[in-house]
Amino acid sequence: MKFIDPVCGMEVEPSTAAGFSEYKGEKYYFCAPGCKKRFDGEPERFLSSAHFEPMPAMESQMKAASGGQKMTGAGSKLDIPIEGMSCASCAVTVEKALKGVHGVKLAAVNFANHKATVEFDANEADSGGLVAAVRSAGYDIGGAETRLGIRGMSCAACVSRVEKAIKGLPGVLEANVNLGLEEARVVYVPELVDIDAMRKAVDASGYQAVALEEEQVEDVEKERREAAYKKLKRKFIFALSFSIPILIISLTEMLPFVSSLPQEVRWILLFLLTTPVLAFAGSHFFTGAWKSFRHRAADMNTLIAVGTGSAYLYSTAATFFPFLFPAGLRHVYFDTAAVIIALILMGRVLEARAKGKTSEAIKRLIGLQPKTARVIRKGEESDIPIKDVQVGDVIVVRPGEKIPVDGIVQEGRSTIDESMITGESIPVEKGQGDEVIGATINKTGSFTFFATRVGKNTMLAQIVKLVQDAQGSKAPIQRLADIIASYFVPIVISIAILTFMLWYDFGPLPHLTYALITFVTVLIIACPCALGLATPTSIMVGTGKGAEMGILIKNAEALETAHKLTAIVLDKTGTVSVGEPAVTDIMTFNGISEEKLLQLAATLERGSEHPLGEAIVKSAKEKNIELGSAEDFNAIPGLGVRGRVEGRDVLVGNLRFLQEKGIFTDGQVQTAGELAGLGKTPMYVAVDDKLSGILAVADPIKPDSAEAISRLKKLGLKVFMMTGDHRQTAEAIARQVGVDEVYAEVLPEQKSDYVKKLQQEGYIVGMVGDGINDAPALAQADVGIAIGTGTDIAMESSDITLIQGKLSAVPLAIQLSKATMRNIKQNLIGSFFYNSLGIPIAAGVLYPVFGILLSPIIASAAMAASSVTVVSNALRLRRFKPSEK
Amino acid sequence: MALDQIIVTIGGISLTAWVIWYFFLYGRKKNT
């Protein structure tokens, strides 16, 4: 009979058990003395169900740790950093390997940021399986690595429990626990999970985790990138320092002192110099090519390895076994092999440096986060690390300091520079009750605030996550490039073989020399790097630039679609207008002052819950008018309110209300009509049964709305406005801001139908909205744009979020999309053009007519130049400035 | 056509066919 060790969960037989204990009349067997000791210390803890079923406790941590990770039902999404990809076809290989894992629904690999985004069914696949698939395809996993000390383990089963607990966290790619060292080595994705979550998971499984090293995740990533860059640079310098003497020895015709050496000696010298270049500096091309060959895939490593390898092998054979070759074919190409490696490495170094800059926007965003916060706990101020700040903490901010997390001002006033988050350059006034955003800078005053969002929930953290997701997503245009890349390399190899054959059979003498040269040149010039880099680098720079301007683009598809928009639908309230009614005009009659009129009306309206009434009260408060109290208050639905203020009979309402009360309004009806014509609602105020004034209430138009709409029109878009307001009001506003067409009296549930209708008419529709009622329309539109001051639901269902809440960001977003797409097209056309022109020239089509034959060395320089050009072109987007036109 | 050229021609065509088979037909089946 088998028993379960209550400490580690391992199955034990009484005959082989390391010991047993009796507790409350029950016998418990243990796998190891350590387990027994722990059980004896606190038996209740190990017998409680919570110990053995760590799920409820862990689940909440997993949710907390998953941060922005989407988990719907059993569906999970994971970003895996991939290492060792050298070109677009590598990305395709990794993608295929991931898609081959059972349970994976979607896998997209971005070659530019070296990340794979995988959506999978958590019941069928896990991160371990995904990691294994990537490894078996010949690539490695990036991510950060940390070591955690684990205390309380007593046997092998403990090891597997701890491993299971850590691996259960989304974002953990690998966990290896060493019982002897009492240590866990964890490879993880820093954006998805942090060390704290791992510690909690270990604690929840019944063990203690102790941090062995406190490390800054960003620094780890940065170090790794820098280490890779330095290694590449070292290899390049090595290759270069050997290539120079190789070139000198090879140029016998130009340098007479070299030609004085016997040919055999020169060739052996060249062999000795070239071998280390290939074996050290170029080793990863060969190992990479072999790895992908074993998986029936071919990438740019294959091309370089086959190209330089054949030149090297031929030359080596000619050096040591010259008798195998006819006299005319005895030649060596060591210089070609070595210089190609050096030039390609140079291209890689330049490319790595430029690629680092494409993610600069993200780095800048992460860098905004302050490291500490000054928190008041138990009446004492102390500086604590940002990660220890909790929701509800009271935080002190002094002038010039950064606000550490999101919160609400408790005490004090200040102006705050929010430009880093919203793109708005003018500092914003904040006082008690106002929201403050983490990472913004406090300018003038000191204040305290309650933390409302910390850690992964702060606005900054969410922006970073959103931008990272967008940068990792694939634009539809990239699919074409991916398909081409997957066919590209084998086709190039075929072309190279056929070129060799044709030159050997029909070329001039010496056949073999020409055949070999063209073979190598074709392989070397055809670099799919540029093709693979074209789209993702532009997308990364474009979305990063957007984030800097307060335009958050959720995915690459939205960025691509935005440039094709032909119509834009604007929700009125909160988008074109401020969204809060306010008193815009005050007219007085019968000698009453504006202030008095407002005071009487506001005092009466204090008891009303009508939005128009609230606008009047707000306006009085803004003007610091003191309000009294009303008596005999009476609200008549659909008409207005009446009551007594300061002993006078006051009545506020619409025209019908006054007419019903027999109050003479004839002379003022026309004025009121004019106000209504401007989209304003006139409210009549009568004091002691005499008309004393009119208050016009309207939802004021945002100051930049008209200009934004005229810009949208200049971009060639048809602008529609949609509102639940009356036609007259809607049309008045439409005239003021200049929209082309108005849909008035639209019920919230009809909004998406109107969008659909426009789509059926052939428009590609962008919808701009801010409220919950806009969410279905935002989702229906080809591109949903949420105004950031609105609700979370609107932002959730949109493709683009404008943090600043200004309509003028809409044309900006469209212009950015156009600029990005233009950039992508330039890149794609450039790399297509390069390859479609380069390959035939390398194969020698110009030779029969012009006698031009490309040298493999020139080909390798051209190839390096092509990828550097593409990345540099994408970086131009960093200087994107919207045109004023 | 000399013997060496015939060998190169046959070898080249066979190798091309093998590349296509290995990377496309066989490789595709295996990778999907």
Side-chain angles (χ1 to χ4, degrees), chain A residues 89 92-101 104 107 133 136-138 289 292-299 302-303 306 310 324-326 328-329 483 485-507 509-512 514-516 518-519 522-523, chain B:
Chain A
S89 47
V92 177
T93 310
V94 176
E95 229 171 73
K96 269 189 206 156
L98 286 168
K99 279 179 187 160
V101 177
V104 169
S136 84
S292 40
F293 179 79
R294 272 186 14 229
H295 290 90
R296 277 92 193 163
D299 55 22
T302 315
L303 296 180
V306 175
S310 32
L324 290 177
F325 297 83
L329 296 178
I483 292 169
S486 69
Y487 288 97
F488 195 79
V489 177
I491 288 177
V492 169
I493 297 175
S494 307
I495 294 174
I497 297 168
L498 294 175
T499 307
F500 181 93
M501 208 177 78
L502 289 172
W503 277 91
Y504 192 86
D505 289 348
F506 307 108
L509 285 170
H511 299 305
L512 191 60
Y514 279 107
L516 192 69
T518 47
F519 173 75
V522 168
L523 288 175
Chain B
M1 209 179 237
L3 182 66
D4 59 332
Q5 287 174 322
I6 293 169
I7 293 170
V8 165
T9 310
I10 294 169
I13 292 169
S14 320
L15 197 59
T16 309
W18 180 82
V19 165
I20 290 168
W21 172 78
Y22 187 77
F23 289 113
F24 287 140
L25 307 174
Y26 180 47
R28 228 132 266 258
K29 218 192 293 171
K30 186 148 195 288
N31 281 327
T32 46

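The sequence lines fix the lettering, A, B, ..., with proteins before strands; numbering per chain opens at 1. The model shown is predicted, which means the values in this text are computed figures rather than measured ones. FYI, side chains are in, hydrogens and waters are out, and symmetry mates aren't considered; it's all heavy atoms of this structure.
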Within this structure, what is the NE2-CG distance for the pair A/His511 and B/Asp4, rounded to the nearest 0.5 Å? 7.0 Å
Let me confirm one number: the CZ-OG1 distance from A/Phe500 to B/Thr16, rounded to the nearest 0.5 Å.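 If I round to the nearest 0.5 Å, the distance is 11.5 Å.
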If every non-hydrogen atom of [X] is compared with every non-hydrogen atom of [Y], which pair is closest and at what distance?
| X | Y | value |
| --- | --- | --- |
| B/Val19 | A/Pro490 | CG1-O, 3.7 Å |
| B/Gly12 | A/Ile497 | O-CG2, 3.4 Å |
| B/Tyr22 | A/Phe293 | OH-O, 2.7 Å |

